[in-house]
Each structure stands twice: as structure tokens, then as C-alpha cells.
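The next block holds one structure in the form of C-alpha cells; read it before the comments.
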Amino acid sequence: MISSSLPREDGCIVDHIYKYQGFWYMEGYLDGLLAFQKQFKANDTDILLASTPKSGTTWLIALAFAIINRQRYCFTTSEDNQKHPLLTKSPHELVPVLEDVYALVKDDHDQCQGTDLVTTASNPDGKDHFERRMFVTHLPYTALPESIKDVESSKCKIIYVCRDPKDNLISLWHFINRLRPNRNLEPISLEVLFERYCKGIVTYGPIWDHVLGYWKQSLERPEKVCFMKYEEMKREPKFHLRKLAEFMGHPFSMEEEKRGVVDDIVRLCSFDNLNELNKQGEVVRLLSFENMNKTRKNLLSINKNSWFRRGQVGDYANYLTPEMIECLDKITEEKLHGSGLQL
Ligand SMILES: Nc1ncnc2c1ncn2[C@@H]1O[C@H](COP(=O)(O)OS(=O)(=O)O)[C@@H](OP(=O)(O)O)[C@H]1O
């Protein structure tokens, strides 16, 4: 385990998080990260959906899944079409998180195991579920394997979504407090999380560095990295759906436009619809291992409805004091200064 030599802080929903190469990670994912960096072989057709937690990941997964699989599934339940997986499954059950997958690799030299796990994870029910391999990650750009980043060897595409840090913090705070009771922990106060967030000490933080990593790549290689903002997606969902489809190489045809496919996908993936569809059920996630040979897992059950709360822009105003708002805006301004990016 590499964690023993790294800076360590309280993890909010895990015992500890560790700072590695500038970012904070949950323990269970650290060894997985090394295996992932060494072993992952990207295919040219792969799509990687990237974000910091609580920035619109769930929405992005649903939209991207609906785009690439739209010939295969219809959007409403009808007898002559296969039922759309989003009508019965959480978006998080349809697209694997790469850190989750690689955390299960027992030995970071065991190439076969990593490859097998990725193949299984991208085809969950063994029925050739996906049109293309698609993965989710919260890893910062710098931590991605060369096989994904290298333009010469891989044409795989990355779609990144980010969000106003103020709403991101509030969303994170609610999410953490929904999960803490599952681990017999008291709720964490907004004041405490605010302090940590500003210092960058949250899982995958500092979020500004995370966002900037992908932003710079999207400027340098727009054909490889598509940079999206939650707020802009909320404002113009159809425009951004078309942009996504175009970027992924699956643009909507005139005929599809006429048939209202764009509207159908926006509706299927809307907050209200997914929120209604995901009222019940759980998804189990790995938190860490209890022993060195990774046979005893420390798991966390996440209610599917934990990924849906309000889905609005500006909800932070209901929670943050004017001083907190000013402080966060100042950090954001300083961090992003000169980058051309505004959040
Ligand atoms: N379909 C759709 N449309 C718009 N907004 C949505 C959607 N699905 C989830 N959400 C809102 O996104 C927030 C959760 O962020 P993530 O999906 O990134 O969470 S996670 O990282 O996957 O755990 C969380 O935001 P808040 O409501 O502000 O907490 C969710 O409500």
C-alpha cells in the first residue's frame, strides 16, 4: 500500500483521504490508481466521462449513454422495442467508474486481471450491452494513464463536466451527510466542510486544479477533450445534447431531429424524470480493503436517490453566508486567473 507514506486527512465518508501527486484520494482507490495507470489500454472508440464529484456526472452519464445507444433502445416502454436501461437502472449502474474497477485489481502488475475487469465492467450483463466502451472517472487529467492522454496512440475521447464551486460544495455537503449515517457517523457541519473545501482537502480536490487540468487540454486539443459546464447545460440542454452527440461522433440526423429524438433524450435524462425513476434501490461501492491481500472489502451502499437532490443552479444561496460566498468567489477568481475560464 502506498498510502502509508502520504499526507493524510479525515475523509468525511471514509476514515482517511491521502494526498498523492497534488490531489486527495480515498485509500481504496490509491492502489487501483497505480494499476489503472500501468495497465489500462484505451481503444480508439472509448469515451471517458470525467468530472469532480457532484458536478453533473450522473446527468452526463445518462445523456452520453442515451446518445450512443439510441438505435438500440427506445425511450418509452413499448412491446416491440427493448426497454431502455435508463428506465430501470441508475446511470451509475450502466457505466463503470474506472477507479472502482481498478481498485479490485489485486496486484498492479497483473495485466490480465485489470483487462478482464474492464471488459466485464463495460459489458455488465454479458449481453454486449454497449455500442462503445464508456467509462466514468473523477481522476484529475494528470493522473490519467498515458494510453488515454497520448494523442498518437489513442483517439479515445474525453468529456468533462464542471460546476460552480459554490453549488458543487453544497451538493457535496448534502451527499456526504446522506452517506454518513450508513457508516454510523454524525452529520458534518457546512462550516467544517467549507474550510476543507477551500483548502482543497476533499476527495479529488483541490477542485480548481482539477477543472483547470481538463480546461487546458480542451483548449489545446478540442477534438479530444470536450469541456462542459453544468450551468450551461441547464440553460440550453438541447444545444448541449447536440454538441455532445457531434463530439462523440454520433450526430443527430435530420430524420431524427424531425422525429423529436433530441427532445426525447433531454426528457429521458432530465432531473425530474431520473429523480422519479430512481426513488428505490441501492448501488454498492467499494470504500477500502480491510486486509492486504484484498479479500475483505469495506463496502458502502448508496441509495440510488442520493444522486438526485434539487438539480438547480444557484442553490448555494440558500446555505452559504455572504462571507462564505465572497471567500469562495475570491479563491475561484485567483485560481482561474489568466486561464480564460470562468466558473
Ligand atoms: N439529470 C440531471 N439533471 C440535472 N442535475 C442532475 C441530474 N441528475 C443529478 N443531478 C444533480 O447533480 C448533482 C450530483 O452530481 P453528480 O452526478 O456529479 O454526483 S456524483 O459525482 O456522480 O456522485 C446533484 O446536484 P444537487 O441537486 O445540487 O445536489 C444532483 O441533483
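When a ligand or atom number is given, it counts from 1 through the structure's own listing order.
With respect to the salt-bridge test (charged N to carboxylate O, under 4.0 angstrom), the residues Glu334 and Lys330 qualify. The residues Arg8 and Glu27 are annotated as not salt-bridged, no charged nitrogen and carboxylate oxygen being separated by less than 4.0 angstrom. One finds a salt bridge joining Asp10 and Arg196 here, because a Lys/Arg side-chain nitrogen approaches an Asp/Glu carboxylate oxygen to under 4.0 Å. A salt bridge links Asp329 with Lys166: the distance from a Lys NZ or Arg NE/NH1/NH2 to an Asp or Glu carboxylate oxygen falls below 4.0 Å. Ion pairing between a basic and an acidic side chain is recognised when a charged N comes within 4.0 Å of a carboxylate O; Asp15 and Arg183 show such pairing.
Counting heavy atoms from C-beta on, the side chains of Lys243 and Met228 come closer than 4.5 Å. Within the 4.5 Å cutoff, no side-chain heavy atoms of Leu60 are placed close to those of Tyr160. Looking only at side-chain heavy atoms (C-beta outward), Arg70 and Asp264 stay at 4.5 Å or farther from each other.
Of the protein's non-hydrogen atoms, Arg309 N, 3.0 Å is the one closest to atom 31 (O) of ligand 1. With respect to atom 14 (C) of ligand 1, the closest heavy atom belonging to the protein is Lys54 CE, 3.8 Å. Regarding atom 18 (O) of ligand 1, its nearest protein heavy-atom neighbour is Thr57 OG1, 2.5 Å. The protein heavy-atom contact nearest to atom 17 (O) of ligand 1 is Thr58 OG1, 2.4 Å. The protein heavy-atom contact nearest to atom 1 (N) of ligand 1 is Cys269 O, 2.8 Å.
Close contacts of ligand 1 with Pro53, meaning ligand atoms under 4.0 Å from a residue heavy atom, involve 21 (O). In summary, the atoms of ligand 1 found under 4.0 Å from a heavy atom of Phe308, numbered by their order in the structure, are 8 (N), 9 (C), 31 (O). Which parts of ligand 1 touch Gly56 is read off a 4.0 Å heavy-atom cut-off, strictly below it: atoms 15 (O), 16 (P), 17 (O), 18 (O). Close contacts between ligand 1 and His92 involve ligand atoms 22 (O) [criterion: under 4.0 Å to a heavy atom]. Residue Gly311 approaches ligand 1 through these ligand atoms, each under 4.0 Å from one of its heavy atoms: 5 (N), 26 (P), 27 (O), 31 (O). Close contacts between ligand 1 and Ser270 involve ligand atoms 1 (N) [criterion: under 4.0 Å to a heavy atom].
Residue-level proximity to ligand 1 for Ser51 is absent, since no heavy atom of it falls below 4.0 angstrom. Within the 4.0 Å heavy-atom criterion, neither part of Ala62 lies near ligand 1. The backbone and the side chain of Ser171 each have at least one atom closer than 4.0 Å to an atom of ligand 1 (non-hydrogen atoms only).
The distance criterion of under 3.5 Å between nitrogen or oxygen atoms is not met by Leu274 with respect to ligand 1. For Arg310, a nitrogen or oxygen atom sits less than 3.5 Å from a nitrogen or oxygen atom of ligand 1, counting backbone and side chain alike.
Within a 6.0 Å radius of CD in Glu333, no more than 12 heavy atoms belonging to other residues, nucleotides or ligands are found. Within a 6.0 Å radius of NZ in Lys216, no more than 12 heavy atoms belonging to other residues, nucleotides or ligands are found. Few gaps surround CD on Glu255; more than 12 heavy atoms of other groups in view lie less than 6.0 Å from it.
The closest non-hydrogen atom to atom 28 (O) of ligand 1, taken over Gln312, His174, Arg163, comes from Arg163. Closest heavy-atom approach to atom 9 (C) of ligand 1 among the candidates Trp307, Trp59, Tyr316, Tyr230: Trp307.
When all heavy atoms of Leu277 and Leu87 are compared, the closest pair comes out as CD2-O, 3.6 Å.
Within the 4.0 Å heavy-atom cutoff, His138 counts among the residues contacting ligand 1.
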